[in-house]
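In what follows, a structure is listed as structure tokens, so that the remarks can point back to it.
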Protein chains: 2
Amino acid sequence: MAPAHTEIHRTVRDRLDQNDQRYTTGRRAVVDALAGTEGPITLPELIDVAPTLAQSSAYRNLAVLEEVGVVRRLVHGADHARYELAEDLTEHHHHLICESCGVVRDVTLTPQLERRLDDAFEALSTAEGFAATHHTIDLYGRCADCRS
Amino acid sequence: MAPAHTEIHRTVRDRLDQNDQRYTTGRRAVVDALAGTEGPITLPELIDVAPTLAQSSAYRNLAVLEEVGVVRRLVHGADHARYELAEDLTEHHHHLICESCGVVRDVTLTPQLERRLDDAFEALSTAEGFAATHHTIDLYGRCADCRS
DNA sequence: TTGCTTGCAAATGATTTGCACTGCT
DNA sequence: AGCAGTGCAAATCATTTGCAAGCAA
């Protein structure tokens, strides 16, 4: 289950404190916006939801929040990058990406399949001398809206 | 097994023909460059390998080749996008991405695991009304070179 | 020839940054 | 008070595009 908003804010504050960063109104607005949507959103979408934020401040706050590990920045083909809360604050998930409208939707796999993937990834990493920190799985296609 | 260069060129020419596009010297140079590297490369890397190409022509040729389905464009966090031959011309694979130096390396999973993933993806797509065309799996971390 | 392709230089657009000001602490 | 955060406008930089000239069918 995803943590409630209050718990998210507590975690974010802790993470910022640990990195000598303040939890300002603007940063709180960013976190609220990200916590309030179904999937990762673009910067214009973020500003639609939190119009008090100047564009440059939104970018700067996202960078700080990414730095301390509570926000993740995603890039797919589209014009704008997308941002979401890090998995510590939500839960491990993957993405369905519509190549027509660019929308991104969260999905999850079964724990068994995730476990099998983790095993495979660990074997791969060992074989390659690679130290993996995380993985992403993206499914590209056309969403229900764009098909109708 | 990945097709030999001559076979790759034949396929590319066919694909271009079908789309009323020419297989010019510049396009051939792009395909040769992509076929000659271990993993996906950035535009500056492409131009290092094929210095006869002007930057704008490289971009334009990559766009045409992507259009007809023989090149795939990848975007990860880094500054430049990366390009690789489409899987019709190589084989289905995934990526190990070094967050330190940006290098991307190709890897494959076992056929059994891929099959299980395909099943899971199909179930997901059906449930969401999504029409999936392909998927990507990326493993992020530090490569052997950056660890040493 | 006829039009697609190319190279150059200029334009675009997402993201970043300089700077002066505001607001925490 | 003192410094981090903010907004605005200007700067960056990958990528795209306009245009004149070259090349393939």
Side-chain angles (χ1 to χ4, degrees), chain A residues 9 12-34 40-68 70-84 102 104, chain B residues 9 12-34 40-68 70-84 102 104:
Chain A
H9 283 304
V12 174
R13 151 157 290 129
D14 288 350
R15 213 65 76 82
L16 285 168
D17 277 350
Q18 290 159 22
N19 290 271
D20 297 307
Q21 297 279 352
R22 300 178 186 167
Y23 200 13
T24 61
T25 315
R27 290 174 189 175
R28 193 178 305 262
V30 169
V31 171
D32 276 327
L34 295 181
I41 59 177
T42 62
L43 194 106
E45 288 166 356
L46 174 68
I47 288 181
D48 280 349
V49 181
T52 53
L53 282 162
Q55 193 187 51
S56 61
S57 299
Y59 275 117
R60 268 192 279 233
N61 286 330
L62 285 166
V64 170
L65 292 167
E66 188 184 8
E67 197 74 31
V68 304
V70 300
V71 160
R72 188 148 62 131
R73 174 191 156 104
L74 313 170
V75 223
H76 300 116
D79 284 352
H80 290 269
R82 284 178 181 269
Y83 300 87
E84 65 180 4
V104 179
Chain B
H9 284 303
V12 174
R13 152 158 289 131
D14 288 349
R15 213 65 76 83
L16 286 168
D17 278 350
Q18 289 159 22
N19 290 271
D20 298 307
Q21 297 279 353
R22 299 176 187 165
Y23 200 14
T24 62
T25 315
R27 292 175 188 174
R28 193 178 305 262
V30 169
V31 170
D32 275 327
L34 296 182
I41 59 176
T42 62
L43 194 107
E45 287 165 357
L46 174 69
I47 288 181
D48 281 349
V49 181
T52 52
L53 281 162
Q55 193 187 49
S56 61
S57 299
Y59 275 117
R60 269 191 279 233
N61 286 331
L62 285 166
V64 170
L65 292 167
E66 189 186 7
E67 198 74 30
V68 304
V70 300
V71 160
R72 187 148 62 132
R73 174 193 157 104
L74 312 171
V75 223
H76 299 118
D79 283 354
H80 291 267
R82 284 177 180 271
Y83 300 86
E84 66 181 4
V104 178

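Chain identifiers are assigned alphabetically (A, B, ...) following the order of the sequence lines, protein sequences preceding nucleic acid strands; residue numbering begins at 1 within each chain.
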Rounding to an integer number of Å, can you tell me how far [X] [atom1] sits from [N] [atom2]?
X: B:L62; N: C:dT6; atom1: CG; atom2: P; value: 11 Å
X: A:L16; N: C:dC24; atom1: CG; atom2: P; value: 16 Å
X: B:Y23; N: D:dA25; atom1: OH; atom2: P; value: 14 Å
X: B:I47; N: C:dC8; atom1: CD1; atom2: C1'; value: 13 Å
X: A:L46; N: C:dT15; atom1: CG; atom2: C1'; value: 14 Å

Residues that B:D32 engages under side-chain contact (heavy atoms from CB on, under 4.5 Å), provided they are two or more places apart: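 Scan of B:D32 (side-chain contact (heavy atoms from CB on, under 4.5 Å), adjacent residues dropped) gives B:H5, B:H9, B:R28.
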Those residues that, when tested against A:R60, pass side-chain contact (heavy atoms from CB on, under 4.5 Å) (two or more places apart):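 A:S56.
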What residues form a salt bridge (Lys or Arg N to Asp or Glu O under 4.0 Å) with B:D14, not counting sequence neighbours?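 For B:D14 the salt bridge (Lys or Arg N to Asp or Glu O under 4.0 Å) partners, ignoring immediate neighbours, are B:R10.
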Residue list, salt bridge (Lys or Arg N to Asp or Glu O under 4.0 Å) with A:R82, at least two apart or on another chain: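 A:R82: salt bridge (Lys or Arg N to Asp or Glu O under 4.0 Å) contacts with A:E45.
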Any side-chain heavy-atom pair from A:E84 and A:L74 closer than 4.5 angstrom?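 Contact flag for A:E84/A:L74 side chains = yes.
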Donor-acceptor contact present, side-chain B:R27 to main-chain B:R22, <3.5 Å: yes
Which heavy atom in B:I41 sits nearest to a heavy atom in B:A33, and how many Å separate them?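 That would be CD1-O, 4.4 Å.
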Any chance you could lay out the salt bridge (Lys or Arg N to Asp or Glu O under 4.0 Å) test for B:E66 and B:R73, step after step, and finish with the verdict? CA-CA 7 Å; B:E66 189 186 7; B:R73 174 193 157 104; 5.5 Å; no
Using rotation axes that map the C1' atoms of four end pairs onto the next four (five pairs an end), what angle separates the end axes of the helix from C:dT1-D:dA25 to C:dT25-D:dA1, to 10°? 30°
Would you give a per-nucleotide map of nucleotides 3-15 of chain D, 5' to 3', where B means the base has a protein non-hydrogen atom under 4.0 Å away, S means only the sugar-phosphate does, and - means neither? -SSSBBB----SB
